[in-house]
K.L.:
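Below you will find the structure I want to go over with you.
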Amino acid sequence: MKKTSEHCFVICPPGVERLCARELESLGIHVLAQETGGLSFDGNLQQLYRANLWLRSANRILVRLGTLQARDFPSLYRKASQLPWGKFLRSSAQLEVQVSAHHSRLNHSGRIAETLLAACDRALGSGTGNAAATNPQQLFVRFEQDQCTLSIDSSGERLHRRGYRHCPSQAPLRENLAAACLLQLGWDGKVPFMDAFCGSGTLVIEAALLASRRAPGLQRPFAFMGWPGYRAGLWQVLCDEARQQQIVPVVTLYAGDLDAPSLEQAQANAARAGVADWINWQQGDFTTLLPTESEGLWLSNPPYGLRLERASQLPALLSRLRQHQQARLPGWQAVVLLPRQLLAKQRPRLAFRHGGLAVGLYPFSALP
């Protein structure tokens, strides 16, 4: 890549944009603009690699390939053929195209994708095609008012897929959403953490990664590793720097669940993440998980909806949670993730969508 800077767009879950922007700024990356579901920045390869390595709340990072105007397919083919495809794709690469089109003359997503694949073939001098491949490169295309924006995905698998969760339980919380909850609450690993409904362990594992200052992307590959201009040496330097920052958590992390198979899955996931030894595991009802410390953060994603045999069980559970915290853990900051419709009059600390539901973070004091 000859250019020293690329225009990048970070896709994140709607509702966590501010947290993602804060993460980028902490990495020394200036945010240019923010919109629902994402934010943009201009950065060099080092900043692009670093963002993929360290961002906890993001979904993926796209790099702008080009922008063009087209009101017919011949124009789209001609203009797209002139884009710098070779910066991001090898002649042997397989390419998947995802198209969204609104308020444009060209709105047939299938034909748009075919035209762009043909333009890519012409530019690279060989057939990239869209046949199945183990690690295909992805092209994201957005048509709006006859303007076509083309972006190459630098991440590959979505960034929430850290590589440790092979055994998800029912209704698992995505890793980046779990991290967003921790970031929103300002938890930095200086006080104990507890999740009494740990399920597949996502919240406590993300807490362990934060407490140990471990980069979430250390254990996985990225799409940019297949680009012609990939700098393996630079990536190795960034990974080495990240490992040098790691520490052993100075606080205890507690995780419990009533369901034994779920707890076993959580332990297996934590082992793959390399954090299992830092977590105090216990099977049983939430009332049996009693930390010895007088203060800390209790953050849980308790069962609701399909995770309960009957929806009528939830009010009683929430009442027990609030009473237990007040009686046994009064010094702990206690926060719970719940569907927003259950606490419509309460303002959540953070709001996003999870499992098709609008959910929010609420303190136990807001529970009925």
K.L.:
Rounded at 0.5 Å granularity, tell me how far CZ in Phe197 sits from CG in Leu337.
P.N.:
12.5 Å
K.L.:
Give a yes or no on whether the backbone of Gln69 and the side-chain of Lys79 come within a donor-acceptor separation of less than 3.5 Å.
P.N.:
yes
K.L.:
Can you tell me if Gln98 uses its side chain to pair, donor with acceptor, with the backbone of Phe140 under 3.5 Å?
P.N.:
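No: the side chain of Gln98 does not pair with the backbone of Phe140.
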K.L.:
When rounded to the nearest 0.5 angstrom, what distance separates CG in Leu177 from CG in Leu182?
P.N.:
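Going from CG on Leu177 over to CG on Leu182, the span is 11.5 Å.
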K.L.:
If we ignore hydrogens and angles and just use 3.5 Å, is the side chain of Gln46 paired with the main-chain N or O of Leu234 as donor and acceptor?
P.N.:
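No.
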K.L.:
Could you tell me whether a side-chain N or O of Arg60 sits under 3.5 Å from a main-chain N or O of Ser154, the two making a donor and an acceptor?
P.N.:
no
K.L.:
Please answer whether the main-chain N or O of Ala273 pairs with a side-chain N or O of Arg214 as donor and acceptor at a distance below 3.5 Å.
P.N.:
yes
K.L.:
Give the intermediate values and the outcome of side-chain hydrogen bond (donor to acceptor under 3.5 Å, both in side chains) for residues Gln265 and Asn269.
P.N.:
CA-CA 6 Å; Gln265 291 177 0; Asn269 291 336; 5.9 Å; no
K.L.:
Sub-3.5 Å donor-acceptor pair from the side chain of Gln82 to the main-chain atoms of Ala80, do we have one?
P.N.:
no
K.L.:
Give a yes or no on whether a salt bridge exists between Glu157 and Arg220, defined as a side-chain N under 4.0 angstrom from a carboxylate O.
P.N.:
no
K.L.:
Using the side-chain contact (heavy atoms from CB on, under 4.5 Å) rule, pick out the option among Thr67, Leu106, Leu68 that qualifies with Cys148.
P.N.:
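Single side-chain contact (heavy atoms from CB on, under 4.5 Å) partner of Cys148 among Thr67, Leu106, Leu68: Leu68.
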K.L.:
Side chains of Arg162 and Arg56: closer than 4.5 Å at any heavy-atom pair?
P.N.:
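Arg162 vs Arg56: side chains touch.
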K.L.:
Looking at Leu19 and Gln184, what are the two nearest heavy atoms and their distance?
P.N.:
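So the minimum-distance heavy-atom pair works out to CD2-OE1, 3.6 Å.
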K.L.:
Quick one, Thr202 with Glu206, criterion side-chain hydrogen bond (donor to acceptor under 3.5 Å, both in side chains). Give me CA distance, side-chain angles, the key distance, then yes/no.
P.N.:
CA-CA 6 Å; Thr202 308; Glu206 289 298 314; over 6 Å; no
K.L.:
Considering all heavy atoms of both residues, which atom of Trp85 and which atom of Ala123 are nearest to each other, and what is their separation?
P.N.:
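Closest approach of Trp85 to Ala123: CD1-CB, 3.4 Å.
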K.L.:
At what distance, to the nearest 0.5 angstrom, does CG of Leu238 lie from CH2 of Trp54?
P.N.:
10.5 Å
K.L.:
Let me confirm one number: the CZ-CH2 distance from Arg90 to Trp227, rounded to the nearest 0.5 Å.
P.N.:
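Going from the CZ atom of Arg90 to the CH2 atom of Trp227 covers 12.0 Å.
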K.L.:
Nearest 0.5 Å, please: how far is CD in Glu23 from OG in Ser26?
P.N.:
6.5 Å
K.L.:
With side chains defined as the heavy atoms from C-beta onward, is the minimum distance between Phe73 and Ile112 less than 4.5 Å?
P.N.:
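Phe73 reaches Ile112 side chain to side chain.
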K.L.:
List for me each residue that meets side chain to side chain contact (heavy atoms under 4.5 Å, CB included) alongside Leu290, sequence neighbours excluded, and say none if there are none.
P.N.:
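Result, side chain to side chain contact (heavy atoms under 4.5 Å, CB included) vs Leu290: His324, Arg328.
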K.L.:
Are any side-chain N or O atoms of Tyr49 and backbone N or O atoms of Arg231, one a donor and one an acceptor, separated by less than 3.5 Å?
P.N.:
yes
K.L.:
According to the interplanar angle, ranging from 0 to 90°, do the rings of Phe224 and Phe222 count as parallel (below 30°), tilted (30 to 60°) or perpendicular (above 60°)?
P.N.:
parallel
